[in-house]
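Notes follow the structure.
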Amino acid sequence: MPELPEVETIRRGLIPRLVGCRINRVVLSNRKLRLPVPRVKLNRWVQGSQVKSVDRRAKYLLINMDSGAVLVLHLGMTGRLAFFANGTPRRTHDHLRFLLDSGVELRFNDVRRFGSVQVLAPEDRKSPQVFAGLGAEPLGPDFSTPYLMSRARNRTRPIKNFLMDARVVVGIGNIYANEILFAAGIKPTRAVGTLRKAAWDRIVEASRQVLEQAIACGGTTISDYVNSSGEAGYFQCELKVYGRGGEVCQSCGSEITRVVLSGRASFYCPRCQK
DNA sequence: CTAACTCCCTGATAGC
DNA sequence: TGCTATCAGGGAGTTA
């Protein structure tokens, strides 16, 4: 389930093997993804064009083409993006294949098809509604205590839902929301309007620390995630609360509690998190 | 207006 | 063995 650290790990893995390559051909499956696959735009703007650079915004990968277009990929829940030698047999759930002039191909594989592929043509780049309304990057300068306090003022929703709301802050999904709140010592159910400045400072600090550490570990592999070379991450070994309901807190020995917030499993230590 | 719920989708797993 | 129910959850859309 790729969140910011997994998408960033993939981005870093794509750069050395993709930048400078020409995409000779784009091959599509006929399965539909979360959004319609823009086959005409892929042919017009991506096929035959060269990759200039690879960026990330939120959980979107932005592949900038020398045609002036941007290929925008979202991995959803189970999306994978990885390199294969040309001629590798097509696997189930391979939806896009980018055949490169380097003799390898980049494949987009997605079991549950919550992922998406979009092409921003040069004329679309002025007002890309893809990114409209997205909140702050948690590793960027806009993610700060004053920003979060202004967004949380007089709100009642639980802090965990707030951290997972892409209109507030992007890239944080269920795993990292749980881990960040453990690191910050704050219970996931706390109403955001009741948090004081010191607590927000800890949230900002914990977000950066947890996400940076997860990137350094190559992301978290629970079931599906692998990087662009097909390798698992190992941040799952560092998880303190996610998926550990009923286990013992590594800090204090209390039992990790599991609750459901907005339909999402949430884990916390009742003693370390207030 | 906010906040919570529904839907999309497949595979792993539990229970009978 | 084989069936059904449940769970995983990002993000868009809907409802209260």
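The structure presented is a predicted model; accordingly, all values stated were derived computationally and were not measured.
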Nearest-Å distance for atom pair [atom1]/[atom2], residues [X] and [N]:
{"X": "Asn174(A)", "N": "dA8(C)", "atom1": "CG", "atom2": "P", "value": "8 Å"}
{"X": "His95(A)", "N": "dT10(B)", "atom1": "NE2", "atom2": "C1'", "value": "10 Å"}
{"X": "Lys59(A)", "N": "dG10(C)", "atom1": "NZ", "atom2": "P", "value": "5 Å"}
{"X": "Phe108(A)", "N": "dC9(B)", "atom1": "CZ", "atom2": "C1'", "value": "13 Å"}
{"X": "Asp94(A)", "N": "dT10(B)", "atom1": "CG", "atom2": "C1'", "value": "15 Å"}
{"X": "Arg167(A)", "N": "dG10(C)", "atom1": "CZ", "atom2": "P", "value": "15 Å"}
{"X": "Met164(A)", "N": "dG11(C)", "atom1": "CE", "atom2": "P", "value": "9 Å"}
{"X": "Arg153(A)", "N": "dA3(B)", "atom1": "CZ", "atom2": "C1'", "value": "19 Å"}

Proximal nucleotide (of [options]) relative to the [X] side chain:
{"X": "Tyr60(A)", "options": "dA12(C), dG11(B), dC9(B)", "result": "dA12(C)"}
{"X": "Pro158(A)", "options": "dA4(B), dA3(B), dA8(C)", "result": "dA4(B)"}
{"X": "His93(A)", "options": "dA8(C), dT10(B), dA12(C)", "result": "dT10(B)"}
{"X": "Met77(A)", "options": "dA8(C), dG11(C), dA3(B)", "result": "dA8(C)"}

Within the 4.0 Å heavy-atom criterion, would you say [X] contacts the bases, only the backbone, or no part of the nucleic acid?
{"X": "Phe162(A)", "value": "nothing"}
{"X": "Asn161(A)", "value": "sugar-phosphate"}
{"X": "Thr156(A)", "value": "sugar-phosphate"}

(request) Answer with yes or no whether Arg113(A) presents, from its side chain, a donor or acceptor under 3.5 Å of a partner atom in the base of dC9(B). (result) no

(message) Should the side chain of Arg157(A) and the base of dA4(B) be counted as holding a donor-acceptor pair, with the cut-off at 3.5 Å?
(response) no

(message) So that I can tick it off, tell me whether Arg11(A) and Glu8(A) are bridged by a salt bridge, with the cut-off set at under 4.0 angstrom between side-chain N and carboxylate O.
(response)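 A salt bridge is present here (some side-chain N lies under 4.0 Å from a carboxylate O).
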
(message) Any carboxylate oxygen within less than 4.0 angstrom of a Lys/Arg side-chain nitrogen, looking at Arg157(A) and Asp165(A)?
(response) yes

(request) For Arg31(A) and for Val192(A), locate the closest nucleotide of DNA chain B by heavy-atom distance; then report the residue assigned to the nucleotide nearer the 5' terminus. (result)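 Comparing both residues, the 5'-ward one is Val192(A).
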
(request) Tell me which of Arg258(A) and Arg34(A) sits closer to the 5' end of DNA chain C, going by the nucleotide each one is nearest to. (result)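 Mapping each residue to its closest nucleotide by heavy atoms, the 5'-most match is Arg258(A).
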
(request) Check whether any side-chain nitrogen or oxygen of His74(A) sits under 4.0 Å from OP1 or OP2 of dG10(C), and answer yes or no. (result) no

(message) Counting C-beta onward and ignoring hydrogens, is there a side-chain heavy-atom pair between Leu4(A) and Arg56(A) closer than 4.5 Å?
(response)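 Contact flag for Leu4(A)/Arg56(A) side chains = yes.
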
(request) May I ask you to test the Arg57(A)-Leu62(A) pair for a side-chain heavy-atom distance under 4.5 Å? (result) yes

(message) Test of understanding: with side-chain contact (heavy atoms from CB on, under 4.5 Å), list the residues that count as partners of Ala214(A), not counting sequence neighbours.
(response) Pro5(A), Tyr176(A), Phe235(A)

